[in-house]
Each structure stands twice: as structure tokens, then as C-alpha cells.
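What follows is one structure encoded as C-alpha cells, with my remarks underneath.
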Protein chains: 2
Amino acid sequence: MLDNLEMFCSLKRDIAEINIDPLQRGGILTQEARAALMEWGDGYSVCDFCSGMLDHIKNPPIEDFVHSVLPEFLGIDEVRITHGAREGKFAAMHALCEKGDTVVIDGNAHYTTVLAAERAGLKIEYAAPSKAPDYAISADSYVQAIERAYEQKGNVSMAVLTYPDGNYGNLPPAREIADACHDYSVPLLLNGAYSVGRMPINARDIGADIIVASGHKSMAASGPVGVIGAAEEYAKPLFRLSATKKNKEVELLGCTVRGAPILTLMASFPAVVQRVKHWQEEVEKARWFSAEMEKLGMTQQGEKPHNHDLMFFLAENLYQISLKAKKGRYFLYRDLKERGISGIKPGLTRQFKLSTYALTTEELEKVLQAFADIIESHKPRGS
Amino acid sequence: MLDNLEMFCSLKRDIAEINIDPLQRGGILTQEARAALMEWGDGYSVCDFCSGMLDHIKNPPIEDFVHSVLPEFLGIDEVRITHGAREGKFAAMHALCEKGDTVVIDGNAHYTTVLAAERAGLKIEYAAPSKAPDYAISADSYVQAIERAYEQKGNVSMAVLTYPDGNYGNLPPAREIADACHDYSVPLLLNGAYSVGRMPINARDIGADIIVASGHKSMAASGPVGVIGAAEEYAKPLFRLSATKKNKEVELLGCTVRGAPILTLMASFPAVVQRVKHWQEEVEKARWFSAEMEKLGMTQQGEKPHNHDLMFFLAENLYQISLKAKKGRYFLYRDLKERGISGIKPGLTRQFKLSTYALTTEELEKVLQAFADIIESHKPRGS
């Protein structure tokens with residue numbers, strides 16, 4: 001096996017011109033971030049002038065970024081760099097909850113929230129979403145989940161809200177949910193993997209005590225890299241120093257992103273600050289796209305009118321085609337690819353999610369035309 | 001603060017032509033890895049064709065790399081990708097030890113081993129090194145540490161050996177240490193952050209039950225990225241699946257390096273396999289360099305003759321210069337920089353470490369000449 005390794009040397013991405021994968025729309029690098037990758041690509045390059053703490057490196061100016069810029073951007077007291085949103089969630093749960101505690105999680109949560117809780121040895125009580133097609137999360141569902149945990153003598157030491165969730169792109173009433181949690185003295189962690197870097201988010205305004213974000217998902221950064229912010233009360237235990245190793249934060253194992261990803265996050269940041277200001281245009285575009293998809297016979301699930309670029313569609317018509325198409329359920333992936341579009345998982349037809357983020361109207365028209373053509377081309381002859 | 005962000009956009013590294021920083025010598029990218037950064041830089045690019053598990057992605061061929069190539073390269077049953085050696089150590093301790101257990105660590109261990117244990121809630125018993133100038137770690141020191149832990153009713157559930165350590169570059173008798181640990185039924189984790197990717201390492205031959213490595217430190221990868229390998233017995237609990245989320249490994253939070261760093265690790269790997277074969281030449285070069293430094297009045301600490309490119313020097317002569325030099329203790333950093341050399345931490349004079357790894361004899365002669373010139377230029381006039 002060690003004799004035939006050239007296959008790993010010059011691998012190319014096999015991706016279409018227009019990418020509608022929600023996972024990837026917000027992580028496309030700016031030119032500045034691409035240049036940062038080249039400049040800072042070598043291992044440990046950011047540590048040239050480190051005196052022991054990643055977040056206090058002055059050259060490159062990581063200290064300014066982490067201790068001045070990001071706290072203002074996120075509306076939170078203290079910020080650190082992480083490997084991503086999931087690692088931030090685990091760090092918060094591991095530092096702030098005791099094994100055996102209960103964490104309340106919205107029913108639409110990303111699987112990594114569940115894994116973070118499982119890894120930290122926590123029980124989970126779900127804040128249930130409403131039924132299809134809304135799948136809405138309410139403050140009341142959090143109250144009920146906390147009450148259920150109490151009935152089972154559980155110690156609820158954290159609540160997590162996915163904002164928005166990664167299935168339907170729903171934006172629940174975060175402020176109300178934070179207030180409800182605080183009524184029970186439960187801190188709220190906001191998972192902003194799909195919001196921070198796309199839309200305006202201020203943890204303080206929302207009432208979130210902890211916030212996690214993803215550089216590679218929504219901040220035009222090369223992953224893995226993320227951000228965690230905490231209100232002072234929680235920052236202290238979360239970013240506690242080692243008992244024996246001077247200036248080293250235990251929960252972060254000293255330093256987290258000791259490489260180029262942090263520099264790409266910084267290089268893209270001015271563009272990210274700008275694009276967040278144009279969020280309302282993104283919402284309008286998503287709503288228009290959703291309406292056009294529905295005209296083609298597909299049905300958007302989740303909030304309507306929609307408030308986010310990530311959308312989930314039911315497509316019974318495409319499913320029916322898949323039953324008879326030569327390529328079976330892979331027809332949609334290949335038919336879209338032939339038309340210069342990728343990002344819907346190979347094999348999906350009956351339900352899928354996509355994102356319109358940062359695509360032009362012209363590009364989205366091309367996507368809509370592709371769906372129309374595909375549906376038309378698979379119509380039974382003579383119909 | 002959010003109005004003046006252009007400073008983050010085009011940051012340049014301020015580094016000299018010859019870099020002797022041990023942290024960075026093994027992490028300089030190959031041309032193939034630089035190309036991989038450009039091709040796979042966008043967030044979540046590696047997930048284009050993922051069906052749920054990072055290590056089983058077939059396009060790009062991560063599955064082959066993780067499940068065939070790396071196990072053979074490391075001589076271990078099961079391998080996964082991590083964010084780096086420290087994250088691997090924590091994952092192993094968190095998965096395989098119970099809070100309150102004792103972990104035995106060599107006294108030369110990297111600070112992150114201590115942090116990993118602290119984060120996992122473990123007590124530490126140190127296997128003591130011998131006195132200066134050797135700082136040697138022996139199998140007997142592990143036996144004594146385990147016995148001390150037992151005297152205190154500790155449950156020793158893991159031992160860690162840093163191979164080599166990051167201060168002196170010492171390579172302790174790993175096989176003997178593994179055997180000693182196994183006599184007490186204690187599994188041994190080998191921290192190969194400074195060995196895997198530089199020199200031949202086979203966990204099975206050494207008797208290591210778990211091995212961690214660092215892509216950015218020693219495998220010519222853009223960080224953060226690392227590798228963890230485990231013998232079957234330990235792989236099962238370490239890579240256990242979630243109780244509720246199908247195919248997701250709890251300790252890894254599902255996926256770890258969901259970005260370009262894994263592709264740089266793969267792209268550089270053929271070159272890494274080749275360079276490991278030339279390890280003996282690197283050792284000869286280090287020994288020659290050490291002897292030349294000693295001729296200039298500095299003293300190498302640790303093993304002699306030395307067996308690794310990372311070396312620690314005492315330099316009383318440079319310290320004496322710093323007491324009178326205009327720039328004080330920063331004179332050495334600046335005098336070396338003026339001669340095209342960087343990598344010794346600013347402010348250090350009396351003791352410092354450096355690496356000769358993958359530098360040519362000509363480059364190392366330039367380094368030696370620089371030290372000679374600097375010592376000469378600071379001699380009191382007339383002497």
C-alpha cells in the first residue's frame with residue numbers, strides 16, 4: 001500500500017459551476033482568504049511570534065481580532081477561536097455541566113449537538129418542534145422540556161438553540177427562548193453556525209450566554225475553524241487557566257487553531273462584516289426562489305415566508321420520476337450536474353435542502369430553469 | 001473597531017530565509033500540499049461526496065488513506081484523523097480513563113499532555129528524567145511512577161511517552177517502557193508529534209497501544225491536523241459509535257478535520273514516506289551541527305551522541321553578551337535575522353532549542369557562520 005501513493009498528490013474537486021450545498025455556500029473563500037492560505041499555509045506559521053497564548057499573538061494581529069473585533073461583532077464579553085461550532089459546543093458543555101446533568105436541545109438541532117452532549121456524559125431533553133410543515137420551535141417547548149427534566153430529578157445546566165437549524169432554516173424566537181431559560185436560571189448556548197457571518201447576530205440582544213459560530217460554514221474561512229463567545233460569568237470557568245501550566249487554558253488545550261485557518265477567518269472578515277449588512281436582500285432572494293420552486297411543483301417546508309437562505313423542499317414529482325428514470329434515484333444529481341449545478345446530495349429526490357446564499361439572481365434563474373427542464377424532460381411521451 | 005478591518009486582509013509573514021524553529025521545520029508544505037490548499041481551501045470542500053463519515057469518504061480517497069495507508073505506515077490497527085496530537089491525547093484519555101484516574105507521564109512531556117490530563121480530570125504521576133545534562137527517561141522511572149501511584153491508591157489507566165520530547169529531542173527506550181507499562185497492564189500512548197513523518201515509527205514494534213501524530217508539526221501538512229492510531233482493544237471504546245446518531249463516532253464529534261488540512265496531509269504523504277527513509281542522514285547532520293556549535297562555546301543538552309534533529313543548547317557566552325549588548329536579550333534574535341536566520345524565540349540567549357531538519361549542509365554552515373560572526377562581533381574591543 002505504501003508503494004502507490006501518487007494518487008494522493010494532485011486530487012481535484014469534481015464540482016459544478018453553481019454550488020447550492022447549504023454546507024458550503026457560506027464557506028467559499030474570498031480572494032484575500034485564498035492569499036492568506038498561501039502566505040500562512042506552513043504548519044505552525046502563526047506561531048512565529050507567539051509568547052504562549054494563541055489569542056494574544058500580536059503579529060499577526062490575532063489579539064486585536066479575538067479580543068476587540070470579535071466580541072463587538074458577536075455582542076459578547078469574551079471570545080476564543082475553536083476548531084468549529086461542534087468543538088465549541090463540547091467545550092462549553094464539558095466545562096460548564098457536570099456528567100449526568102441534563103441539557104435541553106431543540107428538536108431540530110444538528111447531530112453534533114447531540115454528540116457533544118453524549119461525549120460530555122449529559123442527558124438530553126428535547127424542546128419539541130411543531131408538526132410538519134412548520135417544524136417551529138417555541139419558548140414554550142423549552143419550558144416544557146425543562147419541566148420534564150425536573151420531573152425526572154434532572155439538573156438542567158444548559159440549553160442549546162440552533163439558530164437557524166440546518167434542516168429547515170428556521171429562526172425561532174431566540175429572545176423569548178433565552179428569557180424562558182433564564183426564568184429557570186438555565187444558560188442558553190446559541191449555535192450560530194448558519195447565522196454568524198451571514199446575518200446580523202448579537203448575543204447580548206438575544207440574551208444568549210454562550211455563542212458558537214463556524215468559520216468554514218458561514219464566515220468564508222478555510223476550515224476547520226470556529227469561534228466561541230461567552231458572557232463573563234461563563235467565560236471564567238470556560239476559559240479557566242491550568243493549575244500548573246502558566247497562561248494555558250485547559251478547555252482549549254492551550255491553543256486551538258495553530259495554523260492557516262485562523263488567518264483565512266481574519267482575511268475574509270472585512271468582507272463578512274459587509275455581507276452581513278445585505279442580509280435582507282438574501283432573505284428576499286430566498287423567498288422569491290422558494291415561490292418559484294413551488295410553481296414547479298415542489299413544496300418548501302419550515303417557516304413561510306422564509307427568513308433564511310437554507311431551505312428544505314419536498315419534491316414528490318422528482319420522486320415519481322426517480323421510480324422510472326434510468327439512473328434511478330441518482331438521476332437528479334446527474335441531471336443537475338449536466339446543467340452546471342451541484343450541491344444536492346447524490347441519491348436524494350423526494351426531499352432535499354439547498355441554499356441560495358450569495359448566488360446572483362441570474363445564477364438562481366439557471367437553477368430554476370434546470371429543475372424545470374429536468375421535470376419536463378422526464379415527462380411521459382405524448383403527455 | 002468594526003470600521004477599520006483592512007489590517008486583517010493581507011497580512012504577510014515576517015520570517016527569514018532559513019528557519020530553524022523546531023516547531024516549524026517538519027511542517028513546511030510540499031508543492032503538492034500548497035496546490036491542495038488552493039484546490040480544497042473552501043469550507044467543507046472535502047464533504048462534496050460524503051455519506052456521513054469523514055474517514056469513509058471515497059472521493060477524495062480519504063477512506064484509502066485512513067483505513068489502509070496510515071495503519072500500515074504507523075503499524076497500528078485503526079487510525080482516525082484529528083486536529084493534532086494534543087486533541088488526540090485528550091480524546092484517548094477522555095475515552096479510556098475515568099475521572100480521578102492517574103496517568104503516568106514522562107517528566108519531559110509537552111505541556112499539552114498535562115493539559116489533556118487536566119481537562120480529562122486525571123491525576124498525573126511523573127516518570128522522572130535523570131539529571132542535567134542528560135534528562136534521560138528510563139523504563140525504571142515509569143515503574144517507579146506507577147508504584148508511587150499505587151501507593152496512593154491511584155488507578156493508573158494510561159501511560160504517555162513523549163517520543164522524542166520537545167525540549168531536548170531525547171528518544172527514550174520506548175520498547176522497554178512499553179513492556180514495563182504492560183507488566184502493570186497499563187496501556188502506553190506514544191506521542192509521536194516530533195517523530196511520525198520525520199523518522200521510521202512502528203507502534204506495533206514499539207509496543208505502543210495508542211499513537212498520536214501531528215500533521216503540521218512533522219508531516220508537511222497545513223494545520224491543524226493530526227492522526228491517532230489505536231490497537232483494536234482500545235480502538236473500540238475510543239472510536240465508539242453514538243447511541244442515537246447512526247455512524248457517528250462520539251469522541252470525534254462525528255468528523256474532525258472537515259477541510260483542506262486533511263488534503264494537505266494526503267498530498268504531502270508520498271514525500272513524507274520518502275523522507276522518513278533518509279532519517280539516518282538527518283541524525284548525522286544533527287550530530288555534526290551539535291559538535292560545531294560546541295566548538296563555538298555552546299553546550300548541547302540531552303542525549304549524546306544525539307539521535308534527533310531537535311536540540312537544546314546552553315549558551316553562557318551569548319548570555320554574557322546580552323548583559324552588555326545595546327538591544328539586551330533581543331540582540332540574538334535580531335543579529336540572526338539580519339543574517340537571514342529565524343526560529344529562535346525573541347529574547348532567548350542563555351538557552352534555546354533549534355532544529356536542523358531538512359536543512360542542507362550549506363544552510364547549516366550559514367547558521368554556524370552566523371553564530372560565529374555574532375560571537376566575534378560582540379567581543380570587547382582590543383580583546
Side-chain angles (χ1 to χ4, degrees), chain A residues 1-2 5-13 15 23-24 27-29 32 34-35 37 39 41-45 47-48 60-61 65 68-69 72-73 83 86 90 111-112 114-116 118-119 216-217 221-224 242 244-245 248 250-251 253-254 257-260 263 266-267 269-270 273, chain B residues 1-2 5-13 15 23-24 27-29 32 34-35 37 39 41-45 47-48 60-61 65 68-69 72-73 83 86 90 111-112 114-116 118-119 216-217 221-224 242 244-245 248 250-251 253-254 257-260 263 266-267 269-270 273:
Chain A
M1 196 65 209
L2 294 185
L5 301 171
E6 299 310 310
M7 63 184 285
F8 298 122
C9 270
S10 53
L11 294 161
K12 299 284 175 195
R13 275 186 87 178
I15 197 167
L23 199 62
Q24 300 180 335
I28 297 171
L29 301 186
E32 289 79 5
R34 296 181 74 83
L37 267 185
E39 183 71 18
D42 289 337
Y44 278 117
S45 62
C47 311
D48 286 341
F65 185 64
S68 297
V69 173
E72 184 179 337
F73 182 67
H83 295 297
R86 66 187 73 185
F90 173 71
Y111 81 86
T112 54
V114 177
L115 287 191
E118 195 174 349
R119 190 183 184 195
H216 42 280
K217 205 174 231 171
S222 187
S242 165
T244 58
K245 296 293 172 182
K248 302 296 184 183
V250 177
E251 202 58 47
L253 296 172
V257 184
R258 44 210 187 274
L263 268 293
M266 290 163 68
F269 191 72
V273 169
Chain B
M1 197 64 209
L2 294 185
L5 301 172
E6 300 309 310
M7 64 185 283
F8 298 123
C9 270
S10 52
L11 294 161
K12 299 286 176 195
R13 275 185 87 177
I15 196 166
L23 200 62
Q24 300 180 336
I28 296 171
L29 300 187
E32 290 79 7
R34 296 181 76 82
L37 267 185
E39 183 72 17
D42 287 337
Y44 278 116
S45 62
C47 310
D48 285 340
F65 185 64
S68 297
V69 173
E72 183 179 336
F73 181 66
H83 295 299
R86 65 187 73 184
F90 173 71
Y111 81 87
T112 55
V114 178
L115 287 192
E118 194 173 350
R119 190 182 184 196
H216 41 280
K217 204 174 231 171
S222 186
S242 165
T244 58
K245 297 293 173 184
K248 302 295 185 184
V250 177
E251 203 59 47
L253 296 173
V257 184
R258 45 212 187 273
L263 267 293
M266 290 162 68
F269 191 72
V273 169

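Just so you know, these numbers come straight off a predicted model, no measurement behind them. Computed from heavy atoms alone, side chains included, the values below leave out hydrogens, waters and symmetry copies. Just so it is clear: chains get the letters A, B, ... in the order the sequence lines come, proteins before strands, and each one is counted from 1.
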Among [options], single out the residue with the greatest number of heavy-atom pairs under 4.5 Å to chain A.
| options | result |
| --- | --- |
| Gln24(B), His83(B), Arg34(B) | His83(B) |
| Ala260(B), Pro61(B), Gly259(B), Ser10(B) | Pro61(B) |
| Met266(B), Glu6(B), His216(B) | His216(B) |
| Val257(B), Asp48(B), Val114(B), Ile15(B) | Asp48(B) |

Interatomic distance, Phe65(B) atom CZ to Met7(A) atom CE [nearest 0.5 angstrom]:
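So the CZ of Phe65(B) and the CE of Met7(A) are separated by 10.5 Å.
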
Working to the nearest 0.5 angstrom, can you tell me the gap between Ile28(A) CD1 and Asp42(B) CG?
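With rounding to 0.5 Å, CD1 (Ile28(A)) is 5.5 Å from CG (Asp42(B)).
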
Determine the option with the most heavy-atom pairs under 4.5 angstrom with chain B, choosing from Ala116(A), Cys47(A), Ser222(A).
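Option with the greatest count: Ser222(A).
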
Go through Pro60(A), Ala35(A), Gly223(A) and name the one with the most non-hydrogen pairs under 4.5 angstrom from chain B.
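If we count pairs closer than 4.5 Å to chain B, Gly223(A) comes out on top.
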
Does any heavy atom of chain A fall under 4.5 Å from the side chain of [X], the backbone, both, or neither of them?
| X | result |
| --- | --- |
| Val250(B) | both |
| Lys217(B) | both |
| Val273(B) | side chain |
| Leu23(B) | both |

Please report the shortest heavy-atom distance between [X] and [Y], naming the atom on each side.
| X | Y | value |
| --- | --- | --- |
| Ala267(B) | Cys9(A) | O-SG, 3.6 Å |
| Leu253(A) | Phe90(B) | CD1-CB, 3.9 Å |
| Gly254(A) | Leu115(B) | N-CD1, 3.2 Å |
| Leu11(A) | Leu263(B) | CD1-CD1, 3.8 Å |

Under 3.5 Å, is there a donor-acceptor pair between the side chain of Glu39(A) and the main chain of Arg13(B)?
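The answer is yes, because a donor-acceptor pair under 3.5 Å joins these two groups.
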
Test side-chain contact (heavy atoms from CB on, under 4.5 Å) on Lys248(B) and Glu118(A); report intermediate values, then the result.
CA-CA 11 Å; Lys248(B) 302 295 185 184; Glu118(A) 195 174 349; over 6 Å; no

At a 4.5 Å cut-off on heavy atoms, which part of Ala221(A) comes close to chain B: side chain, backbone, both, or neither?
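Only the backbone of Ala221(A) comes within 4.5 Å of chain B.
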
